[in-house]
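Step one of this worksheet: look at the structure below.
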Amino acid sequence: MANETEVKSNFIHAIINRDLEEGKNNGLVHTRFPPEPNGYLHIGHAKAILLNFTIAKVYNGKFNLRFDDTNPVREEQEFVDSIIEDIRWLGADWEDRLYFSSDSFQVKYEFACRLIRAGRAYVCDLNPEQIREFRGTLTEPGRESPYRNRSTEINLRLFEQMRNGEFPNGSRVLRAKIDMASGNLNLRDPVLYRILHARHHRTGDSWCIYPMYDFDHPFTDAMEGITHSLCSIEYSDHRPLYDWVVDSALELFPEAVRCRSRQIEFARLNMTYTVMSKRKLRRLVEERHVQGWDDPRMPTIAGLRRRGVTPAAIADFQERAGIARSDSVIDLAMLEHCIRNDLENKAHRVMAVLDPLKVVLTNWPAGKTELLALENIPGADAGTRQVPFGREIFIEREDFMEAPPKQFFRLAPGREVRLKGAYVIRCEDAVKDAAGNITELHCTFDPQTKSGEDTSGRKIKGVIHWVSVEHAARITVRLYENLFARENPESEEDGDFTANINPDSLVTTGNVPAEPAIAAAAAGTRFQFLRKGYFYRDPADAKEGRMIFNRIVGLKDSWAKISQ
RNA sequence: UGGGGCGUCGCCAAGUCGGUAAGGCACGAGACUUUGGAUCUCGCAUGCGUUGGUUCGAGUCCAGCCGCCCCAGCCA
């Protein structure tokens, strides 16, 4: 396993290196992940989390976790809890630096007052519709608010009255005085504070005005000493405003800030066969297309975790995908590769027969059981386990063909195949029912061919997995596939994105025979079901004592390609 | 006649001062194999959106053009 993934070079490293060379920030590098607690984290967030955390680590710097909780009407404690759990699971460590934007509302209020005194902010009485009208359009400049040039005294008094709850929601806002004619809409006197008579999940009812992201975020970054504030591309247009706020803070409130924070944008993550927007993910949950935020088909951190994906695989994926500014859609196959790559040398092998066909070894003594030792991980020093073998076994139905093509190396009438870790058997007869369906196979085994002690000198190409009928444990298996059938689910060729949902994204099969060793599997254990894929004993269902295994990802199947 | 950003192999992505196109995924061929898995070897862009220009030499510099993405929340 590659536990120390090599960190690829990217444009952000180049920027930081330059800053370091120029002696900025006393050589410090400090990053942060700033989630709004209004939903679940997904793999796109994992990219941001790991990017920030890794950069801090590479440069011997620090990484903060800060909740951007400036909008009480959308945010909840439940999300704070799930986000903390997810980030911790991913392995990003913020040490003792867990912050909430709301913890410093008082200082921010003071900063706003200083902006007013400096003539850089004013209270505007325009209502939301009017503000929109005055803002102009993409191609036409805006008009200045009639309240733009109020005196400092009046502004200060009105702002205090806003804070004291004397005005209703939407009646007034605090705005920055910048440039109503700017080509960048963000600079057309952006709103800094709005009135929101709402209970905040942390500050309760102590505030009824709340800072806007564009005011709060840069200032909080500067307060925390965040040197490099990484965010996604859509914030590029906000950077001039970010700088405006930081520079103002440095000038008007130097004792409150620790550095000239700098915003750097990078492209967000997109993957084939999935959707990433919070809105769409919520719809999947609310419209019951999946069973919840942690459904293993969801790209949420909780979903990936429950699917059985490891944090190491996600980190490897993120590292391979890289960081850039261009829009991109990463092939799901890349994630799957990382998952297999990680589990290859970690997951113990075990045999389970997903679609059983009974085989009777007619020359095996009735009632005789032989214990065979099979390696837990081939080539690794991971020990062996005892696997019982007997007269009746199950094999996969697809491992037998009545009239096989020449390239089929498995069982067929008159053909031989090796049972993994056991003997070579030969198919003598296929027993059918009245309808012509094959109900069982009659085979003979060759005692000379015992695994590891083969004296027959025979070369057998095909090796298949099996489970003793008498000793089989019974498990339930959930076979997951892509949630969407289309590479780009957003495609509206069939209408809504939900029309692209893969109807076979989950197939549950019960009563699956598996070798008895699996009965000892603790919840949360990952296995490789030989020739079938990687599976995870779902901890949520294990609580009820059930043996349910989620397929994390299948094995590569070159036969599937040949047989087409 | 708004502003910002992006365009290097099917998908990602490296490409400091311009010096003659990394790597990964996918794919193909072969070797090996008691998982048609894994592993190993080999192959996979005379070309970097496009057209011109500068230069001994351009993905890297200049100019024009084309295409795609983002922005008009008192959301973040």
Side-chain angles (χ1 to χ4, degrees), chain A residues 8-11 14 17 34-36 38 68 70-71 73-75 124 126-128 131-132 135-142 169-175 181-188 190-196 209-210 212-214 216-217 231-240 265 267 272 278 317 319-338 340-341 344-345 349 351 374-375 378-379 407-410 418-422 424 449 451-452 454 460-465 487 528-533 555-563:
Chain A
K8 272 166 74 172
S9 151
N10 63 51
F11 77 99
N17 290 340
E36 181 187 17
N38 74 338
D68 236 328
T70 57
N71 187 348
V73 307
R74 327 202 309 171
E75 298 152 6
C124 181
L126 256 27
N127 64 38
I131 285 187
R132 196 186 324 121
R135 185 155 36 224
T137 69
L138 292 177
T139 53
E140 297 162 332
N169 288 357
S171 59
R172 275 176 242 260
V173 291
L174 182 72
R175 291 227 255 170
S182 172
N184 182 343
L185 290 306
N186 295 113
L187 264 22
R188 317 245 264 227
V191 173
L192 268 22
Y193 267 90
R194 76 286 215 188
I195 298 171
L196 242 34
I209 58 170
Y210 292 89
M212 296 286 289
Y213 169 88
D214 282 319
D216 185 90
H217 201 89
C231 62
S232 48
I233 287 286
E234 64 265 32
Y235 288 99
S236 299
D237 288 345
H238 296 244
R239 192 178 344 118
E265 313 87 21
T272 54
K278 262 182 195 173
F317 170 66
E319 199 52 53
R320 287 177 196 245
I323 303 294
R325 289 181 64 89
S326 51
D327 290 340
S328 62
V329 182
I330 296 175
D331 196 335
L332 218 212
M334 180 105 85
L335 208 213
E336 296 182 337
H337 169 83
C338 294
R340 293 189 193 102
N341 198 233
E344 164 71 17
N345 298 309
R349 314 284 121 121
M351 296 190 287
L374 268 75
E375 278 187 303
Q407 297 177 92
F408 186 77
F409 305 149
R410 285 111 95 151
R418 172 172 291 283
L419 296 177
K420 173 71 184 179
V424 172
T449 60
S451 187
D454 194 329
I460 302 294
K461 190 115 179 165
V463 179
I464 63 175
H465 58 101
E487 192 170 294
Q528 183 197 101
F529 285 7
L530 223 62
R531 301 208 303 138
K532 283 293 152 190
L555 254 29
K556 289 180 82 174
D557 186 356
S558 48
W559 165 245
K561 288 174 191 163
I562 297 168
S563 61

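All chains are named by letter (A, B, ...) in the order of the sequence lines, taking the proteins before the strands, and each is independently numbered beginning at 1. These values consider heavy atoms only, across backbone and side chains, with no hydrogens, waters or symmetry-generated copies.
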Any side-chain N or O of [X] below 4.0 angstrom from OP1/OP2 of [N]?
X: A:Arg349; N: B:U35; value: no
X: A:Arg135; N: B:C74; value: yes
X: A:Thr137; N: B:G2; value: no
X: A:His337; N: B:C25; value: yes

[atom1]-based separation of [M] from [N] [nearest Å]:
N: B:G24; M: B:U41; atom1: P; value: 10 Å
N: B:A58; M: B:C48; atom1: P; value: 11 Å
N: B:A14; M: B:A22; atom1: C1'; value: 6 Å
N: B:G59; M: B:C25; atom1: P; value: 28 Å
N: B:G10; M: B:G28; atom1: C1'; value: 13 Å
N: B:U60; M: B:U16; atom1: P; value: 11 Å
N: B:A31; M: B:U50; atom1: P; value: 40 Å

*asked:* Tell me whether A:Ser182 contacts the main-chain N or O of A:Asn184 through its side chain, where contact means a donor paired with an acceptor under 3.5 Å.
replied: yes
*Side-chain donor/acceptor of A:Arg418 to backbone N/O of A:Thr449, under 3.5 Å*: yes
_Measuring centre to centre across the rings, with the benzene-like ring taken for any Trp, is A:Trp559 within less than 6.0 Å of A:Phe409?_
no
*Does a distance-only test, which skips hydrogens and angles, find a donor-acceptor pair under 3.5 Å between the side chain of A:Glu265 and the base of B:G5?*
no
For [X], report the nucleic acid contact type (base, sugar-phosphate, nothing); a contact means any heavy atom under 4.0 Å.
X: A:Ile131; value: base
X: A:Arg239; value: nothing
X: A:Pro35; value: nothing

*State the pairing partner of B:C17; accept Watson-Crick or G-U wobble contacts with both distances under 3.5 Å, and report none otherwise.*
none
*How close do A:Arg531 and A:His465 get, heavy atom to heavy atom, and via which atoms?*
NE-CD2, 3.3 Å
_Residues A:Arg74 and A:Glu36 bridged, charged N to O under 4.0 Å_ = yes
